[in-house]
Peer 1: 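Below is the structure I would like to discuss, written out as structure tokens.
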Amino acid sequence: MQDCVINDSRRFQDLLFLRWQNRIPLNPQKNDSKTHLLLPQLRGQNNKDRKDFPTSVEAGTRDSPPHQQSFCTHHGLMRGASAPPFFLPIHLRLFYHPQVFVLDRSPLHQSGRNRPSMGKTLRIAQVFRQERALLGKAVSVQGWVRTRRDSKVGVSFVELNDGSCLRNLQVVVATDQPDLALLLPRISNGCSLLVEGTLTASPGREQSVELLATRIHVYGEANPATYPLQKKRHSFEYLRQIGHLRPRTNTLGAVARVRNRLSFAIHQFFQEREFLYIQTPIITASDCEGAGEVFRVTTLKPEDMAGGDGENIYRKDFFGKPTYLTVSGQLQAEIYALALGNVYTFGPTFRSENSNTSRHLAEFWMVEPEMAFCDLDGDLQTAEALIKAMVQVVFSDCAEDLAFFNRFIEPSLAGELQKTLSEPMEVLPYEEAVRILQNSGEAFQFPVSWGSDLQAEHERYLTEKLFKRAVALIHFPRAIKPFYMRVNDDEQTVAAMDILVPRIGEIIGGSQREERLDHLLDQMRLKGIGEEDYRWYIELRQYGSVPHSGFGLGLERLVQYLTGVGNIREAIPFPRTPGHADF
RNA sequence: UCCCCGGUAGCUCAAUCGGCAGAGCGGGUGGCUGUUAACCACUAGGUUGGCGGUUCGAGUCCGUCCCGGGGAGCCA
């Protein structure tokens, strides 16, 4: 992959587009006249019994010129046939078990020109992926020490982790080498190292390979008497207090990798469906979008605010009127959907509610697709496809981390996700849900009746006891939903949807939007929303209005759902909650 | 914001009815071992969240404040 056409200046977004545009249709059984990349080494002795192995990969031809290909598996480096440039990793791995067929997906790091770090070092994940090819070869890695175990027969074992994967690389230090032995007292839990050595087969039972060190450089020591992270398990509460060190733990590191993969997968999902990525503003002037309390944005000092008479104060403020941090990009996304078709936003969102729970943050990330010419059914379909795609990508690309979460964080995780993937999402009208709950025989703390919002205990009954998977509730009473949701023909309900998942509750909230001018104005009057503040929103219904729909997906809740972490504060690198804005 | 629970060694937690402040892990020292949550021995480590009160005596009871967790509401 190192010769792919990515310029130095291209960044994350460009890479995403290239991968998408050059994606390859795959059909390993077929063998027609199209370009094939033969993978002869995969049929070597070690893989004879692997029936699920591909023998060839069909590369879809685009209008790019032919290009020399090469890519890596952990079975070795191979040069492929002449073929147009393409990017295998993401799509290919959907078809095979990741441990059987793992492609190297970091082309940027492999050519000298693009390599960002010091020296010819490999990421530890790369070492494991290519371990057979690298056996007996010189390998350099750099990272942070997780543990050191000494043996008096002349070796010391240092486990190194660089965040590229969950597993540590065991470094073997022979103490008969004086220059290495001298370093050992400085090497402790938390210190940072460069290790050059030879990759060898390991006699130990916990790992297949290890790095026999020939040279070690200590970048930075970590005083063992004061280093806050121990080898032992720490409580999440404690780790939050050391937010600058907690990504060095197994769990928070794995969460970061899953969150990264999901963020990328969200873009992939929408880009593949030709949605446009729209950046909506973070500072807004509308404060009552029906989605919670807002943070004030101002350059005024406290003394400027004193003694003023309301409106006049804001004339002196930066924007000349009250402004706030956004609680949603939806209304602005609607503007672009009504010009460009399908769009999505993906960015930070702010709510100043004083909510102190395991599912709420004051600053969180939200994905908000908005689709023109789309009704509630289309909305539901997109939402279900998105959730399933996210589960799929974690299964295929984060298998090691997922196994870790399933073992140490949430034992029912893998089974639960598998069920989400294999079964259709349950879609349930609110009215029917109320009936089910009333006839459930459960002793709820809060009674269920048509017209009132469902309580957490009701949602939990539906997702965790009754259906045991994702449930979409639709058609809620209009009185309990915001003004922009489309009123149904019964005049009593709106075309809303809440998608609930086990453990988390609401993960997606969306609706078909009210596109009819008269109905929208009615709704605004009923909810007491001033028309003057939403002139532009109303005009969208006056000029070329179309049926359209959208939803909001909370990234952190998605991360919670897919990793099993119980508290949302572990699903974001730097959680902001009432009283907490540290690091 | 409301309800419940908690705050004791660097970390995780014990301490009976109000009666001498404890363990495991981590740190240090020594020993043993191709180790892998390593193991064995010794050792250092404390204003029991803050302030006030009751009592001969408070980690323990009362008041108050601070902090954390769980649940509820709001929602993504």
Peer 1: How would you label the contact of A:N168 with the nucleic acid (heavy atoms, under 4.0 Å): base, sugar-phosphate, or nothing?
Peer 2: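 No contact.
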Peer 1: What are the atom names and distances for every N/O pair under 3.5 Å that joins the protein to nucleotides 24-31 of chain B?
Peer 2:
residue	atom	partner	partner atom	Å
B:G26	O4'	A:Q230	OE1	3.3

Peer 1: Parallel under 30°, tilted from 30 to 60°, perpendicular over 60°: which one fits the rings of A:Y537 and A:Y534?
Peer 2: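 Aromatic pair A:Y537/A:Y534 classed perpendicular.
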Peer 1: Not counting sequence neighbours, which residues clear side chain to side chain donor-acceptor pair (under 3.5 Å) with A:R233? List them please.
Peer 2: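 None.
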Peer 1: Identify whether NZ of Lys or CZ of Arg in A:R557 sits under 6.0 Å from the centre of the six-membered ring of A:Y561 and within 45° of that ring's axis.
Peer 2: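 Verdict for A:Y561: no cation-pi partner in A:R557.
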Peer 1: Got a donor-acceptor pair under 3.5 Å from the side chain of A:H360 to the base of B:C75?
Peer 2: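 Pair found.
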Peer 1: Which whole number of Å gives the distance between the P atom of B:G69 and that of B:G31?
Peer 2: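 One P to the other, the span is 45 Å.
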Peer 1: From CD of A:E210 over to P of B:G34, roughly how many Å is that when rounded to an integer?
Peer 2: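 Taking CD of A:E210 and P of B:G34, I get 14 Å after rounding.
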Peer 1: Heavy atoms under 4.0 Å, any strand shown: does A:R233 hit a base, just sugar-phosphate, or nothing?
Peer 2: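 Touches nothing.
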Peer 1: Any side-chain N or O of A:S355 below 4.0 angstrom from OP1/OP2 of B:C74?
Peer 2: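 No.
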Peer 1: Counting the atoms with a prime plus P, OP1 and OP2 as sugar-phosphate, which does A:L361 contact under 4.0 Å by heavy atoms, base, sugar-phosphate, or nothing?
Peer 2: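 Contact class for A:L361: base.
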Peer 1: Ignoring the backbone of A:R557, work out which of B:U36, B:G73, B:A76 is nearest its side chain.
Peer 2: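 Among the listed nucleotides, the one closest to the side chain of A:R557 is B:A76.
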Peer 1: Under a 3.5 Å cutoff on both atom distances, Watson-Crick or G-U, what's the dot-bracket for RNA chain B ([ ] crossing, | other strand)?
Peer 2: (((((((..((((.....[..)))).(((((.......))))).....(((((..]....))))))))))))....
Peer 1: Salt-bridge test for A:E464 and A:R503: reply yes if a basic N is under 4.0 Å from a carboxylate O, no otherwise.
Peer 2: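 Looking at A:E464 and A:R503, the cut-off is not met.
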Peer 1: Would you mind classifying the nucleic acid contact of A:L553 as base, sugar-phosphate or nothing, using non-hydrogen atoms under 4.0 angstrom?
Peer 2: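 Answer is nothing: A:L553 stays at 4.0 Å or more from every strand.
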Peer 1: Between B:A41 and B:U47, how far apart are the C1' atoms? Round to whole Å, please.
Peer 2: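 B:U47 and B:A41 have their C1' atoms separated by 33 Å.
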Peer 1: Would the base of B:U35 count as contacting A:E159 through its side chain, where contact means a donor and an acceptor less than 3.5 Å apart?
Peer 2: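 By the distance-only test, no, there is no pair.
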Peer 1: Could you list all the side chain to side chain donor-acceptor pair (under 3.5 Å) pairs where at least one residue sits in residues 177-188 of chain A, not counting sequence neighbours?
Peer 2: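 Qualifying pairs, neighbours excluded: A:R186-A:E221.
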Peer 1: Reckon A:Y238 touches a base, only the sugar-phosphate, or nothing at all at heavy-atom distances under 4.0 Å?
Peer 2: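 Sugar-phosphate: the residue A:Y238, judged by heavy atoms under 4.0 Å, touches backbone atoms but no base.
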Peer 1: Can you check whether A:Q330 reaches A:F551 side chain to side chain, under 4.5 Å on heavy atoms?
Peer 2: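 The answer is no; the side chains never approach within 4.5 Å.
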Peer 1: Do any side-chain nitrogens or oxygens of A:R359 fall under 4.0 Å of OP1 or OP2 in B:G71?
Peer 2: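 Looking at the OP1 and OP2 atoms of B:G71, neither is under 4.0 Å from any side-chain N or O of A:R359.
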Peer 1: Mind listing the N/O atom pairs, protein and nucleotides 40-48 of chain B, below 3.5 Å?
Peer 2:
none

Peer 1: Would A:E416 and A:K468 pass as an ion pair if we require N to O under 4.0 Å?
Peer 2: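 No, this pair does not count.
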Peer 1: If you measure from the P atom in B:C4 to the same atom in B:A9, how many Å do you get, rounded?
Peer 2: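 So the two P atoms sit 27 Å from each other.
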Peer 1: Among B:U1, B:C75, B:A37, which nucleotide sits nearest the side chain of A:E206?
Peer 2: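 Looking only at side-chain atoms, A:E206 lies closest to B:A37.
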Peer 1: Applying a 4.0 Å non-hydrogen cut-off, can you work out what A:R148 is touching in the nucleic acid: base, sugar-phosphate, or nothing?
Peer 2: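 Counting heavy atoms under 4.0 Å across all strands, no contact is made by A:R148.
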Peer 1: Is any side-chain N or O of A:R146 closer than 4.0 Å to OP1 or OP2 of B:A37?
Peer 2: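 For B:A37, OP1/OP2 do not have a side-chain N/O of A:R146 under 4.0 Å.
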Peer 1: Could you pull out all residues at least two apart from A:Y336 that satisfy ring pair (Phe, Tyr, Trp, His ring centres under 6.0 Å)?
Peer 2: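 None.
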Peer 1: Closest to the A:D453 side chain: B:G73, B:G34, B:C75?
Peer 2: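 Nearest listed nucleotide: B:C75.
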Peer 1: Restricting to side chain to side chain donor-acceptor pair (under 3.5 Å), what partner residues turn up for A:Y227, sequence neighbours left out?
Peer 2: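 A:Y227: side chain to side chain donor-acceptor pair (under 3.5 Å) contacts with A:R248.
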Peer 1: Would you classify A:S235 as touching base, sugar-phosphate or nothing, given that sugar-phosphate means primed atoms plus P, OP1 and OP2, and contacts are heavy atoms under 4.0 Å?
Peer 2: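 Sugar-phosphate only.
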Peer 1: Give me the ring orientation class for A:H267 and A:F346: parallel if the planes are under 30° apart, tilted from 30 to 60°, perpendicular past 60°.
Peer 2: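 Judged by the thresholds at 30° and 60°, the geometry between A:H267 and A:F346 is tilted.
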Peer 1: Evaluate salt bridge (charged side-chain N to carboxylate O under 4.0 Å, His left out) for A:E159 paired with A:R148, printing each intermediate quantity in order.
Peer 2: CA-CA 6 Å; A:E159 289 207 26; A:R148 193 188 100 203; over 6 Å; no
Peer 1: Report yes if the distance between the aromatic ring centroids of A:Y344 and A:Y277 is under 6.0 Å, otherwise no.
Peer 2: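 So the answer is yes for these two rings.
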Peer 1: Touch check for A:E368, heavy atoms < 4.0 angstrom, all strands: base, sugar-phosphate only, or nothing?
Peer 2: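 The residue A:E368 makes no contact with any strand.
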Peer 1: Does anything in residues 456-470 of chain A reach RNA chain B, meaning a heavy atom under 4.0 Å, and if so which residues?
Peer 2: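 Output list: A:A456, A:R460.
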Peer 1: Residues in ring pair (Phe, Tyr, Trp, His ring centres under 6.0 Å) with A:H548, at least two apart?
Peer 2: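 Partners of A:H548 by the ring pair (Phe, Tyr, Trp, His ring centres under 6.0 Å) criterion come out as none, since no residue qualifies.
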Peer 1: For the side chain of A:R149, starting at C-beta, report the closest nucleotide among B:A72, B:G70, B:U36.
Peer 2: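 So the nucleotide nearest the side chain must be B:U36.
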Peer 1: Sequence neighbours left out, what passes ring pair (Phe, Tyr, Trp, His ring centres under 6.0 Å) with A:Y238? Give chain and number order.
Peer 2: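 Applying ring pair (Phe, Tyr, Trp, His ring centres under 6.0 Å) to A:Y238 gives A:H234.
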Peer 1: Take A:T147 and A:S202, find for each the nucleotide of RNA chain B with the closest heavy atom, and name the residue whose nucleotide sits nearer the 5' end.
Peer 2: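 Final value for this comparison: A:S202.
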Peer 1: What contact category does A:G509 fall into here, base, sugar-phosphate, or nothing, at under 4.0 angstrom with non-hydrogen atoms?
Peer 2: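 It contacts sugar-phosphate atoms only.
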Peer 1: Under 4.0 Å between a side-chain N/O of A:Q455 and OP1 or OP2 of B:G73, yes or no?
Peer 2: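 So the side-chain polar atoms of A:Q455 do come within 4.0 Å of the phosphate oxygens OP1 or OP2 of B:G73, strictly under.
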Peer 1: Would you list the pairs meeting ring-ring contact (aromatic ring centres under 6.0 Å, His included) in which at least one residue belongs to residues 164-217 of chain A, sequence neighbours left out?
Peer 2: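 Output for this query lists A:H217-A:Y219.
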Peer 1: Return the polar atom pairs (N/O with N/O) between nucleotides 64-66 of chain B and the protein under 3.5 Å, or none.
Peer 2:
none

Peer 1: Side chain of A:R351 only, heavy atoms from C-beta on: which candidate in B:U36, B:A76, B:A72 is closest?
Peer 2: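 That would be B:A76.
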Peer 1: Return no unless some side-chain N or O of A:S358 is found under 4.0 Å from OP1 or OP2 of B:G71.
Peer 2: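 Checking B:G71 against A:S358, a side-chain N or O does come within under 4.0 Å of OP1 or OP2.
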Peer 1: When the C1' atoms of B:G7 and B:U12 are considered, how many whole Å apart are they?
Peer 2: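 Approximately 14 Å lies between the C1' atom of B:G7 and that of B:U12.
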Peer 1: When the C1' atoms of B:A21 and B:U8 are considered, how many whole Å apart are they?
Peer 2: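 So the two C1' atoms sit 8 Å from each other.
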Peer 1: Output the rounded distance in Å from CZ (A:F551) to C1' (B:A76).
Peer 2: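 Result: 12 Å.
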Peer 1: For A:F483, is the NZ or CZ atom of A:K527 found under 6.0 angstrom from the centre of its six-membered ring and inside 45 degrees of the ring axis?
Peer 2: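 Ring-cation test returns no.
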